[in-house]
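A quick write-up on the structure given underneath.
This one's a predicted model, so the numbers in the text were calculated from it and none came from an experiment. Residue numbers start from 1 in every chain, and the chains themselves are labelled A, B, ... in the order their sequence lines are given, proteins ahead of strands.
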There are 2 protein chains.
Amino acid sequence: MESPQQRRDRRRAEKRRAIRMAAVRIALDEGIEAATVEAISAAADISPRTFFNYFASKEEALVMEPLWRPEELIDLLAARPADEPAFQSLRAVTRDLAVRINGIWGDMKPFIELRSRHPELAAKARAADETKLMDTVFEVVRSRPGVTGRIHARVLVVASFGATISAIQESQESGEPVERLLDEAFALLEKGL
Amino acid sequence: MESPQQRRDRRRAEKRRAIRMAAVRIALDEGIEAATVEAISAAADISPRTFFNYFASKEEALVMEPLWRPEELIDLLAARPADEPAFQSLRAVTRDLAVRINGIWGDMKPFIELRSRHPELAAKARAADETKLMDTVFEVVRSRPGVTGRIHARVLVVASFGATISAIQESQESGEPVERLLDEAFALLEKGL
DNA sequence: CGCAACACTTGCAGGCCGTGCAAGCTTTAC
DNA sequence: GTAAAGCTTGCACGGCCTGCAAGTGTTGCG
């Protein structure tokens, strides 16, 4: 059975999704300046005030849900063998996560289209939680064997994230499979630039 | 002598700087929520409307001027030998530019302090012009010899930028010289992770 | 069932950001 | 000295976002 709490969570998630869809549809069909909170709320059949019970900002509704949450990433890293080199752990973990994209590729399409028309959307949204993501991973990587110092850890993290995002972006533009591009990117990093 | 246009430009730059200083001082002394456009304008002795003749947004006044402009970076890359490997060009250019930081370290201090208290400031400001910066460099790197494809170029750029920013951040936190950390970071990338 | 606790939605009021416009003022050009 | 060009400012307005309190549904329990 479904507990009342689960029920509430599910309905909430559904409504959040519905609002998002309305927002993106307006932004794509009528231009981003037409996607005001008022217009989105009307389309989603809620009051403008309620919109902010679901999203902390208008922008949040116009970008896709982040693919990775910090806690999840930390769990996955912790699940790797403790003596595995940090670089290989990052490689394995980001590969697992990136592959998940293939399953939701269809859902991502409108967001990708919108982002390509308005790059500032992705930039701002990304910066906010991506730096936090990298900071948390940085803390994990620091304590791995073979990591000689803080700058080493920083470079490992920033290069791995960069490779992952590059592969995803390139895959979106060229249509090549994410896995192949990801392997190519990490192989370059492994063998040296 | 000074042409009238130069004179105007200079006065404008001075005023911009003065407004910035007022903004950062308020944000540091009284908290960031006290740094409203109204308060900043009053402190800088201009009208709130005029504030927006100098800055497109309030945030712009609270972060430091970007260290690198795209055109400048492209010029510097173009000045490198055309047959130099892309990685070495990036290494040399970012090193030159990063060293410039040592000359303006003092001016940067308030901004660094403010950014450390409010990370979202740096995140948003950075994302906006940093992605544009990387896109332009990407185009240059793509046409360098030895760059085998788009993903190769992407990884080169994102890793180099990541290394540079890591070195700068680490230097700010640890006090070690930027050059040393930069060398260490690029050496890691060169030999492979 | 009935009632109390809880969660969700909404309106209202208000602060803040950012922009177009037009009026005034200062500097520059001839 | 006068016209053109640039800068500053006030005004009005639209849009984002928040706290608060009132209203409406939902849940849990006797």
Q: Would you mind checking if B:K132 and A:E120 are paired as a salt bridge, meaning a charged N to carboxylate O distance below 4.0 Å?
A: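 No salt bridge links A:E120 with B:K132.
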
Tell me the interatomic distance from [X], atom [atom1], to [N], atom [atom2], rounded to whole angstroms.
{"X": "B:N53", "N": "C:dG18", "atom1": "CG", "atom2": "C1'", "result": "12 Å"}
{"X": "B:F52", "N": "D:dC11", "atom1": "CZ", "atom2": "P", "result": "17 Å"}
{"X": "B:L121", "N": "C:dC17", "atom1": "CG", "atom2": "P", "result": "13 Å"}
{"X": "A:D9", "N": "C:dA7", "atom1": "CG", "atom2": "P", "result": "12 Å"}
{"X": "A:E38", "N": "D:dC17", "atom1": "CD", "atom2": "C1'", "result": "14 Å"}
{"X": "B:I19", "N": "D:dC7", "atom1": "CD1", "atom2": "P", "result": "13 Å"}
{"X": "B:R12", "N": "D:dT8", "atom1": "CZ", "atom2": "C1'", "result": "11 Å"}
{"X": "A:E33", "N": "D:dC16", "atom1": "CD", "atom2": "C1'", "result": "16 Å"}

Q | Set of residues satisfying ring pair (Phe, Tyr, Trp, His ring centres under 6.0 Å) with respect to B:F87, sequence neighbours excluded | A |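 In terms of ring pair (Phe, Tyr, Trp, His ring centres under 6.0 Å), with neighbours along the sequence ignored, B:F87 is linked to B:F186.
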
(Q) Output one letter per nucleotide in nucleotides 20-30 of chain C: B when a protein non-hydrogen atom lies under 4.0 Å from the base, S when only the sugar-phosphate is that close, - when neither is. (A) BB------SS-

Q: Tell me whether the OP1 or OP2 atom of D:dC7 has a side-chain N or O from B:K15 closer than 4.0 Å.
A: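 Answer is no, no contact under 4.0 Å.
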
(Q) At less than 4.0 Å, is any side-chain N or O atom of B:S47 found next to OP1 or OP2 of D:dT8? Yes or no. (A)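 For D:dT8, OP1/OP2 do not have a side-chain N/O of B:S47 under 4.0 Å.
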
Q.
Once you apply a heavy-atom cut-off of 4.0 Å, does A:Y54 come out as touching a base, just sugar-phosphate, or nothing?
A.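 Sugar-phosphate, no base atom in range.
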
(Q) Applying a 4.0 Å non-hydrogen cut-off, can you work out what B:T36 is touching in the nucleic acid: base, sugar-phosphate, or nothing? (A)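 Sugar-phosphate only.
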
